[in-house]
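First comes the structure, then the notes that go with it.
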Amino acid sequence: MNEYYFNSLTLAWTLFAIALIPIQIKVTAPYGRHMRSNWGLSIGNRLGWTIMEVVSLLVFSFFFLRGEGIKSTGSWILFSLWAAHYVHRSLIFPWRTRTRGKMIPLFIVFSAVFFNSINGFLNGFYLGELQNVPIDPGHPRFIAGLLIFVFGAALNLYSDTILLHLRKPGETGYKIPQNSLFRFVSCPNLLGEIIEWTGFALMAWNPAALSFAVWTAANLIPRALSHHRWYKEQFPEYPKERRAVIPYIL
Ligand code: NDP
């Protein structure tokens, strides 16, 4: 596929993410606290997460490694960050959750496999095949992006860890998280993920990475709004000043 077709496809895919925002705001994907039993067949939550997320790792790696573009140090750093994120997200994170016995609809798993395949393909193919100039890891934009990526990943990981420890072994209910950035927003983990992929887009500086950053925000901001609404409905004592995802703003 030449760069013109690739960029057109990426643009269409990005516009699709934006078009889906109103639907995502109206219909919250039914997993975790929003799980509903009327979405057809379901499988175990942890297995579902592993299947959905390992696709990003495999598809990205396949297209990156077999591509014949220029693989400079900067490209290998980007590959390593993507791989590290998705090894954690698919093989470690699901099995750290205290969600034994919880289910996830197969529809959600298949939808995520589809979206993750396209995003993995676009990013792996661009970096592996279409990248025709070396990516300079000493460039100020690359360094700034890396710092943003690391900050976002740390925030995501730290906030997820706080959430996972709210439950004692065997518990599956919900509590109000209190520490750290949870004092300001309901979903610092989702904010961290958005920051992380914004940093990645700055480092990679290509349409595929920008598209993925847009997809992540388009996906996670509506989800954070739903989580926030859910907390306020479930807990009358929920802190009034807390926002959904962006401190003081949203
Ligand atoms: P949540 O914040 O809904 O849940 C994270 C984990 O913590 C789950 O195991 C959840 O259990 C548990 N949990 C959450 N809140 C509470 C609470 N108040 N009390 C007790 N336990 C709680 O995040 P998601 O499940 O939506 O996402 C998980 C990770 O995946 C996040 O890091 C997110 O950034 C990432 N992600 C990335 C996407 C992307 O587009 N790049 C898309 C979706 C997720 P339970 O499952 O039972 O609710």
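Order of listing sets the numbers, starting from 1, for every ligand and every atom in it. Index from 1, following the sequence.
In plain terms, the two heavy atoms of Gly48 and Ile43 that are nearest each other are CA-CD1, 3.7 Å.
The nearest heavy-atom contact from the protein to atom 11 (O) of ligand 1 is Arg167 NH1, 3.2 Å. Among all non-hydrogen protein atoms, the one lying nearest atom 16 (C) of ligand 1 is Tyr174 CD2, 3.6 Å. Nearest protein neighbour of atom 2 (O) of ligand 1, counting heavy atoms only, is Asn189 ND2, 2.9 Å. Scanning the protein heavy atoms around atom 36 (N) of ligand 1, the nearest turns out to be Glu193 OE1, 4.1 Å. For atom 47 (O) of ligand 1, the closest heavy atom belonging to the protein is Lys102 NZ, 2.6 Å. When hydrogens are left out, the protein atom nearest atom 25 (O) of ligand 1 is Trp49 CZ2, 3.7 Å; that is the closest non-hydrogen contact.
In this structure, a donor-acceptor pair under 3.5 Å is present between the side chains of Thr161 and Arg96. Side-chain atoms of Trp95 and Thr50 include a donor-acceptor pair closer than 3.5 Å.
At a heavy-atom cutoff of 4.0 Å, ligand 1 is contacted by no atom of Ile176, backbone or side chain. With a heavy-atom cut-off of 4.0 Å, Leu220 touches ligand 1 through its side chain alone. Contacts with ligand 1 closer than 4.0 Å are made by heavy atoms of both the backbone and the side chain of Leu163. Residue contacts with ligand 1 for Tyr31 involve side-chain atoms from C-beta outward but no N, CA, C or O (heavy atoms, distance under 4.0 Å).
With a 4.5 Å cut-off on side-chain heavy atoms, Ile176 and Glu237 count as touching.
Results of the ring pair (Phe, Tyr, Trp, His ring centres under 6.0 Å) test with His85 over Phe200, Phe212, Trp197, Phe79 single out Trp197 as the only residue that passes.
Within the structure, the closest approach of Phe93 to ligand 1 falls below 4.0 Å when heavy atoms are considered. At least one heavy atom of Gly173 lies less than 4.0 angstrom from ligand 1. Taking 4.0 Å as the cut-off, Arg89 counts as a neighbour of ligand 1 on heavy-atom distance. In this structure, Trp215 has no heavy atom closer than 4.0 Å to ligand 1.
A salt bridge links Glu193 with Arg89: the closest approach of a Lys/Arg side-chain nitrogen to an acidic carboxylate oxygen falls below 4.0 angstrom.
Aromatic ring centres of Trp76 and Phe64: separated by under 6.0 Å. A centroid separation of 6.0 Å or more is found between the aromatic rings of Phe60 and Tyr86.
Relative orientation of the Trp215 and Phe115 rings is tilted, given thresholds of 30° and 60° on the angle between their planes. Taking the six-membered ring where the residue is Trp, Trp49 and Phe93 present perpendicular rings, their angle passing 60° and hence far from 30°. In this pair, His228 and Tyr238 present their aromatic rings perpendicular. The plane angle is above 60°, beyond the 30 to 60° band.
Counting heavy atoms only, Asp160 comes closest to atom 32 (O) of ligand 1 of the residues Leu190, Leu191, Asp160. Ranked by closest heavy atom to atom 19 (N) of ligand 1, the top entry among Lys175, Glu53, Arg223, His227 is Lys175. Closest heavy-atom approach to atom 8 (C) of ligand 1 within the set Asn219, Leu164, Asn116: this belongs to Leu164.
The cationic group of Arg36 does not satisfy the cation-pi geometry with Tyr31, failing either the under 6.0 Å distance to the six-membered ring centre or the 45° limit from the ring axis.
Residue Arg33 places at least one N or O, backbone or side chain, under 3.5 Å from an N or O of ligand 1.
With ligand atoms numbered from 1 in the order given, ligand 1 contributes 9 (O) to contacts under 4.0 Å with heavy atoms of Thr97. The distance from ligand 1 to the heavy atoms of Asn156 drops below 4.0 Å at these ligand atoms: 31 (C), 32 (O), 34 (O).
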